[in-house]
Structure formats: structure tokens, C-alpha cells
Amino acid sequence: MPNNILNDLFFGKIAPWEDRPENIEEFRRLNQQLSQLSDTIGERLDKETQALLDQYISDRSDLESLLQCDSFKTGFRLGVQLMLAAYKKL
């Protein structure tokens, strides 16, 4: 069983970063709202200001990816520590 999950992870069958909470109504609502706001703002900005906003959004996305990666690592380490603690009791 553990080998299967390792193989799946190695061959890209498991991609936790692709798991989105699209089945959560609040997520869908906020995602749609952000999309509408982005369209509205884009219509009102000149090209230079739009380019600045696009760069800001891109940099913000990169920052959020780094934070998510760090959170994943922290959670994974915590999971390993919990497993080690559980096995010590056996």
C-alpha cells in the first residue's frame, strides 16, 4: 500500500495543488465575484496601469504559491510527527 502512494506521487497521479474546493458554495461565489471585479477594473484602466495591476497579481500569485508550499511542508512534517508518536505507543 505505501509503495502505491509513492508511485502515484512520483508519476504525478497525486497532485494536491490541483485539488480545489469548487464544491464549496462560498468558494464559487467568491471566485465569480473576483472575476467580475477583475473585468470591471480592467475596463477602467489605461494600458500602463493595467500592466502594473497584472504584474501585481502575478507577483501576489507567486507569493501565495510559496506560502501554500510552506504550509504543505509544515502539515506534512506534522503528519509524520503524529505517525511517529502513534507508533511509539505501540
- Message: Show, in sequence, the C-alpha distance, side-chain angles and deciding distance for Leu63 and Asp59, and conclude whether the side chain to side chain contact (heavy atoms under 4.5 Å, CB included) test is met.
- Response: CA-CA 6 Å; Leu63 177 65; Asp59 290 350; over 6 Å; no
- Does CZ in Phe27 sit with more than 12 non-hydrogen atoms of other residues, nucleotides or ligands closer than 6.0 Å? yes
State which residues pass salt bridge (charged side-chain N to carboxylate O under 4.0 Å, His left out) with [X]; sequence neighbours excluded, sorted by chain then number.
X     : answer
Arg77 : none
Glu25 : Arg28
Glu26 : none

- Note on the structure: Applying side-chain hydrogen bond (donor to acceptor under 3.5 Å, both in side chains) to Asp54 and not counting sequence neighbours gives Gln50
- Task: Quick one: which residue pairs count as a side chain to side chain donor-acceptor pair (under 3.5 Å) with a foot in residues 32-47, not counting sequence neighbours?
- Result: Arg29-Gln33, Asp46-Thr49
- In Å, rounded to the nearest 0.5 Å, how long is the span from CG of Asn4 to CD1 of Ile14? 9.5 Å
- Roughly how far, to the nearest 0.5 Å, is CG of Asp70 from OG1 of Thr74? 4.5 Å
- Query: Looking at residues at least two apart in the chain, or sitting in another chain, which of them share a side chain to side chain contact (heavy atoms under 4.5 Å, CB included) with Ile41?
  - Reply: Leu45, Leu53
- Message: Would the distance check show the side chain of Ser61 and the main-chain N or O of Ile57 forming a donor-acceptor pair, the cut-off being under 3.5 Å?
- Response: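 A pair under 3.5 Å: no.
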- Item | Shared hydrophobic cluster for Leu37 and Tyr56 (ILVMFWY, side-chain gaps under 4.5 Å) | no
